[in-house]
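One is the number of the first residue; the rest follow in order along the sequence.
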Amino acid sequence: MAVVKICGVESGRDVDLLRDCGADLVGVWCGVADGPRDLSVDRAAALVARVGATSPIPVLVTTLTDERRLRNVVDRTGARWVQLHGWQPPALVRRLKAEPGLVVVKVLHVGEGGCPEQRIIPAYERAGTDLFLLDALAPGRVGSTGTMVGAAAALAVVDRCTRPFLLAGGISPTNRAACEAVVAHPLYHGVDVDGAARDRRGRLDAERVAQLISVWRSGAAGPDADNPADD
């Protein structure tokens with residue numbers, strides 16, 4: 001079954017809402033440069049602890065590239081899943097994977113000119129990357145762009161992978177059909193959502209989260225939603 005990751009929790013209320021809605025993965029931002037939902041290490045640790053270890057699983061999301069700082073955040077938060085959302089090299093993945101039980105998700109950025117990391121995907125895999133995440137790359141922004149990754153561009157990347165992947169970038173209840181070819185790929189594992197899970201004030205909304213989970217797990221067409229900018 002496809003998994004649904006909701007990213008950017010900021011409070012215990014967010015964590016409880018996502019648990020009640022049945023989200024599979026919960027993204028906790030820490031060390032995300034200029035991230036609107038970036039948290040202190042102590043706050044991130046508190047939310048990772050509140051999520052718990054299973055169902056849903058907390059995922060530390062970071063753009064940190066300095067190994068010492070990154071290990072400090074991983075150790076202090078207690079996260080066992082780490083999403084490297086920046087430009088971290090395969091060598092850093094390899095060193096992180098030396099820690100038993102640590103799951104590493106590496107983001108592959110996909111823009112108009114293709115995927116900058118495409119040629120080193122095999123190196124990421126050899127380093128031990130467990131899961132890739134395809135996200136849209138927009139000028140001046142890495143993540144939370146509200147821009148979809150085109151199906152052709154996504155397939156050009158994942159056809160070079162041997163590890164499963166999550167799809168991000170503008171995911172909403174209304175655009176699953178546009179992603180059908182990507183969803184049908186044998187390595188497809190689920191989606192990562194931010195903006196479409198929120199109301200106009202930017203708060204996670206239980207109805208929107210439940211609709212996202214229903215549509216992306218079942219494939220049922222979603223009704224038009226008056227959403228703010230998506231993921």
Side-chain angles (χ1 to χ4, degrees), residues 1-8 18 21-27 29 32 56-57 59-61 63 81-87 103-118 121 124-125 129-138 141-198 204 208-222 225 227-231:
M1 181 183 295
V3 305
V4 177
K5 173 175 176 279
I6 306 295
C7 215
L18 295 183
C21 289
D24 301 288
L25 303 171
V26 174
W29 294 19
V32 177
I57 296 171
V59 181
L60 174 68
V61 179
T63 59
W81 283 53
V82 180
Q83 178 177 314
L84 301 178
H85 208 93
W87 304 100
V103 175
V104 174
V105 182
K106 181 64 188 78
V107 170
L108 300 175
H109 306 88
V110 184
E112 291 183 1
C115 172
E117 300 101 334
Q118 185 159 323
I121 287 174
Y124 280 120
E125 295 187 337
T129 299
D130 298 282
L131 185 68
F132 289 115
L133 187 152
L134 270 61
D135 199 8
L137 180 64
R141 296 186 67 180
V142 177
S144 295
T145 64
T147 304
M148 287 187 67
V149 177
L155 291 172
V157 175
V158 300
D159 279 346
R160 293 176 174 262
C161 298
T162 64
R163 305 292 170 87
F165 70 92
L166 299 174
L167 180 66
I171 300 296
S172 80
T174 62
N175 59 17
R176 189 184 187 281
C179 304
E180 198 60 44
V182 181
V183 171
H185 195 280
L187 295 178
Y188 170 76
H189 191 59
V191 292
D192 179 27
V193 189
D194 186 349
R198 301 178 185 275
L204 289 175
R208 291 172 186 241
V209 171
Q211 186 182 28
L212 281 159
I213 291 173
S214 175
V215 168
W216 284 90
R217 280 190 184 151
S218 70
N227 286 335
D230 295 335
D231 188 15

Novice: Side chains of Leu18 and Leu204: closer than 4.5 Å at any heavy-atom pair?
Specialist: yes
Novice: Considering non-hydrogen atoms only, spot the tightest contact between Val4 and Asp24 and give its length.
Specialist: N-OD2, 2.8 Å
Novice: May I ask you to decide if Leu131's main-chain N or O and Arg163's side chain share a donor-acceptor pair within less than 3.5 Å?
Specialist: no
Novice: If you apply the rule side chain to side chain contact (heavy atoms under 4.5 Å, CB included), what do you find for Leu25 with Ile6, and how did you get there?
Specialist: CA-CA 6 Å; Leu25 303 171; Ile6 306 295; over 6 Å; no
Novice: Are Val26 and Pro56 packed together at the side-chain level, in the sense that at least one heavy-atom pair is separated by less than 4.5 angstrom?
Specialist: yes
Novice: For the SG atom of Cys179 and the NE2 atom of His185, what is their distance to the nearest 0.5 Å?
Specialist: 14.0 Å
Novice: Do you know which two heavy atoms are closest between Ala2 and Trp216, and how far apart they sit?
Specialist: CB-O, 4.0 Å
Novice: What residues, two or more places apart in sequence or in another chain, satisfy side chain to side chain donor-acceptor pair (under 3.5 Å) together with Lys5?
Specialist: Gln83, Asp192
Novice: Kindly indicate, with the supporting measurements, whether the criterion side chain to side chain contact (heavy atoms under 4.5 Å, CB included) is fulfilled by Val215 and Ser172.
Specialist: CA-CA 9 Å; Val215 168; Ser172 80; over 6 Å; no
Novice: Any idea which heavy atoms bring Leu166 and Val191 closest together, and the distance?
Specialist: CD2-N, 4.0 Å
Novice: Please report the interatomic distance CG(Asp135) to CG(Asp194), rounded to the nearest 0.5 Å.
Specialist: 9.5 Å
Novice: What distance separates Leu108 CG from Phe165 CZ, expressed to the nearest 0.5 Å?
Specialist: 10.5 Å
Novice: How far does CG of Leu167 sit from CG of Leu133, to the nearest 0.5 angstrom?
Specialist: 8.0 Å
Novice: Apply the test side chain to side chain contact (heavy atoms under 4.5 Å, CB included) to residues Trp81 and Leu60: give CA-CA distance (whole Å), side-chain angles for both, the deciding distance (0.1 Å), then the verdict.
Specialist: CA-CA 6 Å; Trp81 283 53; Leu60 174 68; over 6 Å; no
Novice: Which distance, rounded to the nearest 0.5 Å, do you find between the CG of Leu187 and the OG1 of Thr162?
Specialist: 7.5 Å
Novice: Taking only residues two or more places apart in sequence, or in another chain, which ones meet His189 in a ring pair (Phe, Tyr, Trp, His ring centres under 6.0 Å)?
Specialist: none
Novice: Can you name the closest pair of heavy atoms from Val110 and Leu134 and give their distance?
Specialist: CG2-CG, 4.2 Å
Novice: By side chain to side chain contact (heavy atoms under 4.5 Å, CB included), which residues pair with Gln118, not counting sequence neighbours?
Specialist: Cys115, Ile121, Val157, Arg160
Novice: What heavy-atom pair brings Ala154 and Val182 nearest, and what distance separates the two atoms?
Specialist: CB-CG2, 3.9 Å
Novice: Decide yes or no on side chain to side chain contact (heavy atoms under 4.5 Å, CB included) for Met1 and Arg217, but give the supporting numbers first.
Specialist: CA-CA 7 Å; Met1 181 183 295; Arg217 280 190 184 151; 3.7 Å; yes
Novice: Could you state the interatomic distance from CZ (Phe132) to NZ (Lys106), rounded to the nearest 0.5 Å?
Specialist: 8.5 Å
Novice: Taking all non-hydrogen atoms of both residues, which atom of Gly22 and which atom of Ile213 are closest, and how far apart?
Specialist: C-CD1, 3.8 Å
Novice: Does the separation of the ring centres of His85 and Trp29 fall below 6.0 angstrom?
Specialist: no
Novice: Quick check against the 3.5 Å criterion: does Thr147 have a side-chain atom that pairs as donor or acceptor with the backbone of Ala136?
Specialist: no
Novice: Any side-chain heavy-atom pair from Val82 and Val103 closer than 4.5 angstrom?
Specialist: no
